[in-house]
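Numbers restart at 1 for each chain; the letters A, B, ... are given by sequence-line order, proteins then strands. No experiment lies behind these values; they were computed from the predicted model shown.
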Amino acid sequence: DGGITQSPKYLFRKEGQNVTLSCEQNLNHDAMYWYRQDPGQGLRLIYYSQIVNDFQKGDIAEGYSVSREKKESFPLTVTSAQKNPTAFYLCASSKRGLAGAHEDTQYFGPGTRLTVL
Amino acid sequence: ILNVEQSPQSLHVQEGDSTNFTCSFPSSNFYALHWYRWETAKSPEALFVMTLNGDEKKKGRISATLNTKEGYSYLYIKGSQPEDSATYLCASDNYGQNFVFGPGTRLSVLP
């Protein structure tokens with residue numbers, strides 16, 4: 001079954017702790033993305049990676065870190081420096097790499113809801 | 001940073017009504033425009049990718065048009081059904097690097 005998995009679905013952490021959200025895809029896609037959604041707002045881009053061992057900051061990267069050591073995996077760490085980490089986090093992937101086509105769309109995982117207590 | 005807007009923010013329609021909503025995006029350096037449907041407790045699902053001015057795409061009762069010169073796209077739903085209830089997102093492709101999403105239009109179809 002091809003797709004994108006995110007785990008866990010719900011995550012609770014104490015303030016001041018780092019937490020890592022998992023994102024795995026078996027679609028053989030080059031590009032992967034992390035978004036955050038807050039109530040009443042659209043999806044905001046945190047980080048993206050167009051190829052293994054490379055990633056770029058999105059619009060709201062402060063307080064987050066990522067790695068892309070394998071094509072199928074793009075974990076996101078929410079650090080204690082992130083001032084307001086409670087949110088819904090979505091991971092996506094796309095065929096698009098460095099030479100992508102206009103028609104390449106993004107496919108989304110089911111999301112992780114992070115609550116920091 | 002691109003600014004993508006959607007209107008209305010939300011709307012309620014009766015089953016059987018037709019409806020439409022708007023996505024506005026910067027027209028300069030247009031690359032592609034994407035529409036997604038996001039149902040509660042599910043992942044956003046791709047509806048359309050639109051790349052050419054004047055594009056019209058259709059999937060069942062849902063269709064979309066694109067005007068890249070003036071920077072807008074319309075999504076139409078004909079004969080709305082309760083299962084069409086969802087948030088509809090549009091995203092402008094940022095020079096082929098990443099997507100910039102609008103805030104979405106939340107549609108509720110009342111039986």
Between A/Tyr48, A/Tyr107, A/Tyr33, the one whose heavy-atom pairs under 4.5 Å with chain B are most numerous: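 Highest number of heavy-atom pairs under 4.5 Å: A/Tyr48.
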Let me see the working for B/Lys42 and A/Phe108 under side-chain contact (heavy atoms from CB on, under 4.5 Å), right down to the final yes or no. CA-CA 9 Å; B/Lys42 295 187 176 178; A/Phe108 286 85; over 6 Å; no
So with a 6.0 Å cut-off around [atom1] of [X], is the heavy-atom count from everything else above 12?
X: A/Glu62; atom1: CD; value: no
X: B/Glu45; atom1: CD; value: yes
X: A/Arg68; atom1: CZ; value: yes
X: B/Glu83; atom1: CD; value: yes

Shared hydrophobic cluster for [X] and [Y] (ILVMFWY, side-chain gaps under 4.5 Å):
X: B/Ile62; Y: B/Val13; result: yes
X: B/Val100; Y: B/Phe25; result: yes
X: A/Tyr64; Y: A/Phe55; result: yes

Under 4.5 Å from a heavy atom of chain B, the part of A/Leu43 involved: both
Less than 4.5 Å to any heavy atom of chain B: does that hold for the side chain of A/Gln56, its backbone, both, or neither?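 It is neither, since no heavy atom gets under 4.5 Å.
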Nearest 0.5 Å, what's the [atom1]-[atom2] distance between [X] and [Y]?
X: A/Tyr35; Y: B/Asn98; atom1: OH; atom2: CG; result: 6.5 Å
X: B/Ser43; Y: A/Gln106; atom1: OG; atom2: CD; result: 13.0 Å
X: B/Phe101; Y: A/Leu90; atom1: CZ; atom2: CG; result: 9.0 Å

Pair A/Thr105, B/Tyr36: side-chain N/O donor-acceptor within cut-off below 3.5 Å: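 Present: a donor and an acceptor within the cut-off.
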Which one wins on heavy-atom pair count under 4.5 Å against chain A: B/Pro103, B/Ser10, B/Ala91, B/Ala41? B/Pro103
